[in-house]
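Below is one structure, written out as C-alpha coordinates; comments come after it.
Keep in mind it's a predicted model, so treat the numbers as computed, not measured.
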Amino acid sequence: MARLLVAGAGALGSVFGALLRLRGHEVALLGRKPHLDAVERQGLFVDGIWGEHRAQGFSCFADPGAIDGDFDLVLVTVKSFDTERIADEVATRLRAQGFAVSLQNGLGNVETLERRFGPERTLGGRVIFGAEVVKPGHVRVTVYAEPVLLGAWEPGRFPSRDTAARRWAEEFAKSGIPCEYTENLRTAIWAKVFYNAALNPLGALLGVPYGALAESEATRGFMDHVIDEAYAVARAEGIPLPWPDAGAYRELFYSRLVPSTYDHRSSMLQDLERGRRTEIEAINGAVWRLAERHGMAAPYNEALTRLVRYREGRR
(Lines give C-alpha, C1' and ligand atoms only; values in the text may rest on other atoms or scores of the structure.)
Protein backbone atom coordinates (compact mmCIF):
# COMPACT_ATOMS: atom_id res chain seq x y z
CA MET A 1 0.00 0.00 0.00
CA ALA A 2 1.03 3.61 -0.56
CA ARG A 3 1.87 6.56 1.67
CA LEU A 4 -0.49 9.51 1.08
CA LEU A 5 -0.64 13.11 2.25
CA VAL A 6 -3.94 14.99 2.25
CA ALA A 7 -2.85 18.63 1.97
CA GLY A 8 -6.00 20.32 3.19
CA ALA A 9 -7.95 18.02 5.49
CA GLY A 10 -11.22 19.91 5.48
CA ALA A 11 -14.49 18.28 4.50
CA LEU A 12 -13.51 16.96 1.07
CA GLY A 13 -9.95 16.06 2.01
CA SER A 14 -11.16 14.22 5.11
CA VAL A 15 -13.53 12.06 3.05
CA PHE A 16 -10.69 11.04 0.74
CA GLY A 17 -8.34 10.51 3.67
CA ALA A 18 -10.74 8.38 5.70
CA LEU A 19 -11.80 6.07 2.89
CA LEU A 20 -8.25 5.62 1.58
CA ARG A 21 -7.07 4.88 5.12
CA LEU A 22 -9.75 2.21 5.48
CA ARG A 23 -8.51 0.79 2.19
CA GLY A 24 -5.20 0.19 3.96
CA HIS A 25 -3.04 3.10 2.82
CA GLU A 26 -0.85 5.04 5.23
CA VAL A 27 -2.44 8.50 5.35
CA ALA A 28 -1.18 11.78 6.76
CA LEU A 29 -3.54 14.72 7.23
CA LEU A 30 -2.51 18.37 7.05
CA GLY A 31 -5.22 20.70 8.29
CA ARG A 32 -6.68 22.78 11.11
CA LYS A 33 -5.61 21.85 14.61
CA PRO A 34 -9.07 21.48 16.28
CA HIS A 35 -10.18 19.00 13.60
CA LEU A 36 -6.94 17.03 13.72
CA ASP A 37 -6.88 16.96 17.53
CA ALA A 38 -10.30 15.29 17.44
CA VAL A 39 -9.11 12.83 14.79
CA GLU A 40 -6.13 11.85 16.95
CA ARG A 41 -8.40 11.32 19.99
CA GLN A 42 -11.26 9.39 18.40
CA GLY A 43 -10.49 8.76 14.76
CA LEU A 44 -12.12 10.33 11.72
CA PHE A 45 -15.86 9.66 11.41
CA VAL A 46 -17.53 9.97 8.00
CA ASP A 47 -21.27 9.54 7.53
CA GLY A 48 -23.98 10.66 5.13
CA ILE A 49 -25.09 9.27 1.81
CA TRP A 50 -22.07 6.92 1.49
CA GLY A 51 -22.70 5.22 4.82
CA GLU A 52 -20.89 5.36 8.15
CA HIS A 53 -17.14 4.89 8.43
CA ARG A 54 -14.61 5.44 11.18
CA ALA A 55 -10.92 5.50 10.28
CA GLN A 56 -7.98 5.65 12.68
CA GLY A 57 -4.22 5.54 12.62
CA PHE A 58 -3.52 8.83 10.83
CA SER A 59 -0.43 10.99 11.08
CA CYS A 60 -1.77 14.49 11.75
CA PHE A 61 -0.02 17.80 11.12
CA ALA A 62 -1.25 21.35 11.65
CA ASP A 63 2.16 22.73 10.64
CA PRO A 64 3.55 21.83 7.19
CA GLY A 65 7.08 22.22 8.58
CA ALA A 66 6.46 19.35 10.99
CA ILE A 67 5.61 16.78 8.30
CA ASP A 68 8.11 13.93 8.25
CA GLY A 69 8.90 11.39 5.57
CA ASP A 70 7.88 11.46 1.94
CA PHE A 71 4.80 10.40 0.02
CA ASP A 72 3.69 8.51 -3.07
CA LEU A 73 0.66 10.75 -3.52
CA VAL A 74 -0.15 14.27 -2.34
CA LEU A 75 -3.85 15.11 -2.57
CA VAL A 76 -4.18 18.89 -2.76
CA THR A 77 -7.60 19.82 -1.37
CA VAL A 78 -6.99 23.35 -0.08
CA LYS A 79 -8.93 26.35 -1.39
CA SER A 80 -7.70 27.54 -4.77
CA PHE A 81 -6.13 30.73 -3.37
CA ASP A 82 -3.82 28.55 -1.24
CA THR A 83 -2.65 26.21 -4.01
CA GLU A 84 0.70 27.90 -4.67
CA ARG A 85 1.49 28.25 -0.98
CA ILE A 86 0.71 24.65 -0.09
CA ALA A 87 2.58 23.36 -3.15
CA ASP A 88 5.70 25.19 -1.98
CA GLU A 89 5.29 23.90 1.58
CA VAL A 90 4.98 20.20 0.69
CA ALA A 91 7.04 20.06 -2.52
CA THR A 92 9.99 18.31 -0.90
CA ARG A 93 7.70 15.65 0.56
CA LEU A 94 6.68 14.16 -2.79
CA ARG A 95 8.75 11.15 -3.82
CA ALA A 96 10.60 11.26 -7.14
CA GLN A 97 8.11 8.81 -8.65
CA GLY A 98 5.12 10.22 -6.80
CA PHE A 99 2.23 12.40 -7.99
CA ALA A 100 0.51 15.55 -6.80
CA VAL A 101 -3.23 15.59 -7.46
CA SER A 102 -5.44 18.68 -7.53
CA LEU A 103 -8.96 17.89 -6.27
CA GLN A 104 -10.09 21.51 -6.17
CA ASN A 105 -12.62 23.98 -7.49
CA GLY A 106 -11.92 26.49 -10.21
CA LEU A 107 -9.31 27.17 -12.86
CA GLY A 108 -5.53 27.32 -12.60
CA ASN A 109 -4.89 24.73 -9.88
CA VAL A 110 -3.49 21.95 -12.06
CA GLU A 111 -1.25 24.43 -13.88
CA THR A 112 0.06 25.75 -10.55
CA LEU A 113 0.97 22.22 -9.42
CA GLU A 114 2.60 21.49 -12.76
CA ARG A 115 4.86 24.51 -12.34
CA ARG A 116 5.92 23.36 -8.86
CA PHE A 117 6.08 19.57 -9.21
CA GLY A 118 6.57 19.24 -12.97
CA PRO A 119 3.85 18.16 -15.42
CA GLU A 120 5.16 14.60 -15.40
CA ARG A 121 4.23 14.35 -11.68
CA THR A 122 0.91 16.22 -11.70
CA LEU A 123 -2.65 14.92 -12.01
CA GLY A 124 -6.01 16.59 -11.65
CA GLY A 125 -9.47 15.53 -10.59
CA ARG A 126 -12.97 16.80 -11.22
CA VAL A 127 -14.90 16.36 -7.98
CA ILE A 128 -18.65 16.88 -7.93
CA PHE A 129 -19.77 15.49 -4.59
CA GLY A 130 -20.31 17.62 -1.52
CA ALA A 131 -19.29 17.25 2.11
CA GLU A 132 -19.27 19.31 5.27
CA VAL A 133 -17.48 19.25 8.60
CA VAL A 134 -20.24 18.59 11.16
CA LYS A 135 -17.84 19.10 14.05
CA PRO A 136 -14.13 18.43 14.58
CA GLY A 137 -13.43 14.81 13.71
CA HIS A 138 -16.82 14.32 12.01
CA VAL A 139 -17.44 14.84 8.28
CA ARG A 140 -20.64 14.21 6.34
CA VAL A 141 -21.04 13.43 2.62
CA THR A 142 -24.14 15.43 1.69
CA VAL A 143 -24.63 15.24 -2.09
CA TYR A 144 -23.30 13.35 -5.09
CA ALA A 145 -23.79 14.17 -8.76
CA GLU A 146 -21.24 12.19 -10.79
CA PRO A 147 -18.05 10.13 -10.27
CA VAL A 148 -14.75 11.84 -9.64
CA LEU A 149 -12.83 12.09 -12.93
CA LEU A 150 -9.06 11.68 -12.67
CA GLY A 151 -6.53 12.38 -15.40
CA ALA A 152 -3.76 14.59 -16.77
CA TRP A 153 -3.96 18.04 -18.31
CA GLU A 154 -2.24 16.76 -21.48
CA PRO A 155 -2.81 12.99 -21.71
CA GLY A 156 -0.35 11.02 -23.80
CA ARG A 157 2.59 13.29 -23.08
CA PHE A 158 3.92 11.13 -20.23
CA PRO A 159 2.73 7.49 -20.46
CA SER A 160 3.78 6.73 -16.87
CA ARG A 161 1.58 9.59 -15.66
CA ASP A 162 -1.42 8.25 -17.59
CA THR A 163 -0.79 4.81 -16.13
CA ALA A 164 -0.71 6.29 -12.63
CA ALA A 165 -3.96 8.18 -13.27
CA ARG A 166 -5.68 4.95 -14.31
CA ARG A 167 -4.29 3.09 -11.30
CA TRP A 168 -5.31 5.75 -8.78
CA ALA A 169 -8.76 6.15 -10.32
CA GLU A 170 -9.25 2.42 -9.77
CA GLU A 171 -7.87 2.65 -6.24
CA PHE A 172 -10.19 5.55 -5.34
CA ALA A 173 -13.15 3.55 -6.65
CA LYS A 174 -12.15 0.49 -4.63
CA SER A 175 -11.97 2.65 -1.50
CA GLY A 176 -15.62 3.66 -1.95
CA ILE A 177 -15.13 6.97 -3.77
CA PRO A 178 -16.85 6.70 -7.17
CA CYS A 179 -14.06 7.53 -9.62
CA GLU A 180 -13.18 7.04 -13.29
CA TYR A 181 -10.15 7.77 -15.43
CA THR A 182 -10.58 10.50 -18.05
CA GLU A 183 -8.58 11.56 -21.08
CA ASN A 184 -10.55 14.83 -21.10
CA LEU A 185 -9.60 16.46 -17.81
CA ARG A 186 -9.61 20.02 -19.22
CA THR A 187 -13.15 19.49 -20.50
CA ALA A 188 -14.27 18.08 -17.14
CA ILE A 189 -12.71 20.94 -15.16
CA TRP A 190 -14.36 23.55 -17.39
CA ALA A 191 -17.72 21.77 -17.19
CA LYS A 192 -17.51 22.01 -13.41
CA VAL A 193 -16.72 25.72 -13.76
CA PHE A 194 -20.00 26.12 -15.68
CA TYR A 195 -21.76 24.39 -12.78
CA ASN A 196 -19.94 26.25 -9.99
CA ALA A 197 -20.05 29.67 -11.65
CA ALA A 198 -23.83 29.48 -11.94
CA LEU A 199 -24.63 28.03 -8.52
CA ASN A 200 -21.96 28.90 -5.95
CA PRO A 201 -22.02 32.70 -5.86
CA LEU A 202 -25.78 33.08 -6.26
CA GLY A 203 -26.40 30.51 -3.55
CA ALA A 204 -23.88 32.29 -1.34
CA LEU A 205 -25.26 35.80 -1.91
CA LEU A 206 -28.89 34.78 -1.53
CA GLY A 207 -28.38 32.22 1.24
CA VAL A 208 -30.27 29.40 -0.49
CA PRO A 209 -29.47 25.84 -1.64
CA TYR A 210 -28.93 24.96 -5.29
CA GLY A 211 -32.42 23.63 -5.95
CA ALA A 212 -34.08 26.91 -4.97
CA LEU A 213 -32.03 28.76 -7.59
CA ALA A 214 -33.36 26.55 -10.39
CA GLU A 215 -36.98 26.98 -9.30
CA SER A 216 -37.06 30.77 -9.65
CA GLU A 217 -37.39 32.34 -13.08
CA ALA A 218 -35.29 35.30 -11.92
CA THR A 219 -32.29 33.30 -10.70
CA ARG A 220 -32.63 30.72 -13.46
CA GLY A 221 -32.35 33.45 -16.08
CA PHE A 222 -29.29 34.87 -14.33
CA MET A 223 -27.63 31.44 -14.27
CA ASP A 224 -28.36 30.98 -17.97
CA HIS A 225 -26.36 34.12 -18.74
CA VAL A 226 -23.49 33.04 -16.47
CA ILE A 227 -23.27 29.69 -18.27
CA ASP A 228 -23.50 31.34 -21.71
CA GLU A 229 -20.53 33.57 -20.88
CA ALA A 230 -18.42 30.76 -19.43
CA TYR A 231 -19.20 28.52 -22.40
CA ALA A 232 -18.10 31.24 -24.85
CA VAL A 233 -14.84 31.76 -22.94
CA ALA A 234 -14.12 28.02 -22.92
CA ARG A 235 -14.60 27.97 -26.69
CA ALA A 236 -12.24 30.93 -27.04
CA GLU A 237 -9.69 29.03 -24.93
CA GLY A 238 -9.90 26.08 -27.32
CA ILE A 239 -11.39 23.70 -24.76
CA PRO A 240 -13.04 20.70 -26.45
CA LEU A 241 -16.65 20.58 -25.26
CA PRO A 242 -19.12 17.74 -25.86
CA TRP A 243 -22.10 20.09 -26.11
CA PRO A 244 -22.76 21.92 -29.41
CA ASP A 245 -23.82 25.05 -27.56
CA ALA A 246 -24.46 26.39 -24.08
CA GLY A 247 -28.13 25.45 -24.32
CA ALA A 248 -27.25 21.78 -24.62
CA TYR A 249 -25.15 21.99 -21.47
CA ARG A 250 -27.98 23.74 -19.64
CA GLU A 251 -30.30 20.83 -20.43
CA LEU A 252 -27.91 18.53 -18.53
CA PHE A 253 -27.47 21.14 -15.80
CA TYR A 254 -31.18 21.52 -15.04
CA SER A 255 -32.29 17.95 -15.73
CA ARG A 256 -29.61 16.03 -13.83
CA LEU A 257 -26.89 18.02 -12.07
CA VAL A 258 -29.00 20.46 -10.08
CA PRO A 259 -31.62 17.85 -9.01
CA SER A 260 -28.87 15.54 -7.73
CA THR A 261 -27.44 18.37 -5.58
CA TYR A 262 -30.80 20.02 -4.85
CA ASP A 263 -30.31 20.56 -1.10
CA HIS A 264 -26.63 21.46 -1.21
CA ARG A 265 -25.52 24.75 0.37
CA SER A 266 -22.50 25.97 -1.55
CA SER A 267 -19.06 26.00 0.01
CA MET A 268 -18.96 29.69 -0.90
CA LEU A 269 -22.04 30.28 1.26
CA GLN A 270 -20.42 28.43 4.15
CA ASP A 271 -17.25 30.50 3.71
CA LEU A 272 -19.18 33.77 3.85
CA GLU A 273 -21.09 32.63 6.92
CA ARG A 274 -17.80 31.83 8.67
CA GLY A 275 -16.11 35.04 7.61
CA ARG A 276 -13.62 33.23 5.39
CA ARG A 277 -12.20 34.02 1.99
CA THR A 278 -14.06 32.40 -0.93
CA GLU A 279 -12.90 30.87 -4.21
CA ILE A 280 -14.71 33.45 -6.34
CA GLU A 281 -11.48 34.52 -8.09
CA ALA A 282 -10.80 30.99 -9.39
CA ILE A 283 -14.37 30.56 -10.66
CA ASN A 284 -16.34 33.60 -11.87
CA GLY A 285 -13.31 35.85 -11.53
CA ALA A 286 -11.28 33.54 -13.78
CA VAL A 287 -14.05 33.51 -16.41
CA TRP A 288 -14.20 37.32 -16.32
CA ARG A 289 -10.39 37.71 -16.63
CA LEU A 290 -10.13 35.23 -19.50
CA ALA A 291 -13.02 36.92 -21.28
CA GLU A 292 -11.16 40.24 -21.12
CA ARG A 293 -8.02 38.55 -22.46
CA HIS A 294 -9.99 37.46 -25.51
CA GLY A 295 -11.62 40.87 -25.95
CA MET A 296 -14.98 39.53 -24.78
CA ALA A 297 -17.45 40.77 -22.19
CA ALA A 298 -18.67 38.66 -19.26
CA PRO A 299 -20.91 41.09 -17.33
CA TYR A 300 -22.78 38.46 -15.30
CA ASN A 301 -19.61 36.75 -14.11
CA GLU A 302 -18.08 40.17 -13.45
CA ALA A 303 -21.12 41.22 -11.40
CA LEU A 304 -21.03 38.08 -9.25
CA THR A 305 -17.30 38.47 -8.68
CA ARG A 306 -17.69 42.07 -7.57
CA LEU A 307 -20.61 41.29 -5.27
CA VAL A 308 -18.82 38.41 -3.54
CA ARG A 309 -15.71 40.58 -3.21
CA TYR A 310 -17.89 43.13 -1.43
CA ARG A 311 -19.23 40.50 0.97
CA GLU A 312 -15.69 39.29 1.64
CA GLY A 313 -14.61 42.84 2.36
CA ARG A 314 -17.18 43.05 5.16
CA ARG A 315 -15.67 40.10 7.05
Summary of salt bridge (Lys or Arg N to Asp or Glu O under 4.0 Å) pairs that have at least one residue in residues 178-187, sequence neighbours excluded: Arg166-Glu183

Gap separating the CZ atom of Arg23 from the CD1 atom of Ile177, nearest 0.5 angstrom: 11.0 Å

N-O pairing of Glu114 and Arg121 below 4.0 Å: no

Mind listing the side-chain donor-acceptor pairs of residues 68-79 below 3.5 Å, one per line with the distance, residues two or more places apart or on another chain?
unit_1, atom_1, unit_2, atom_2, d
Asp70, OD1, Arg95, NE, 2.7
Asp70, OD1, Arg95, NH2, 3.2
Asp72, OD1, Arg95, NH1, 2.9
Asp72, OD2, Arg3, N, 2.8
Asp72, OD2, Arg95, NH1, 2.9
Thr77, OG1, Gly8, O, 2.5
Lys79, NZ, Asp271, OD2, 3.0

Heavy atoms of other groups near Arg54 CZ, more than 12 under 6.0 Å: yes

Ring center gap for Phe194 and Tyr249 short of 6.0 angstrom: yes

Heavy atoms of other groups near Glu84 CD, more than 12 under 6.0 Å: no

Face-on cation placement of Arg277 at Phe81 ring, 6.0 Å and 45° thresholds: yes

side-chain hydrogen bond (donor to acceptor under 3.5 Å, both in side chains) partners for Asp228, two or more places apart: Arg250

Under 3.5 Å, sequence neighbours excluded: what are the donor-acceptor pairs made by side chains of residues 196-203?
unit_1, atom_1, unit_2, atom_2, d
Asn196, ND2, Asn105, OD1, 3.1
Asn200, OD1, Tyr210, OH, 2.4

Aromatic ring proximity, centroids under 6.0 angstrom, Tyr300 and Phe222: yes

Whichever hydrophobic residues join Val134 through chains of side-chain contacts under 4.5 Å: none

Side-chain hydrophobic cluster, 4.5 Å single linkage: members besides Tyr181: none

is_close_aromatic(Trp50, Phe129), centroid dist under 6.0 Å: yes

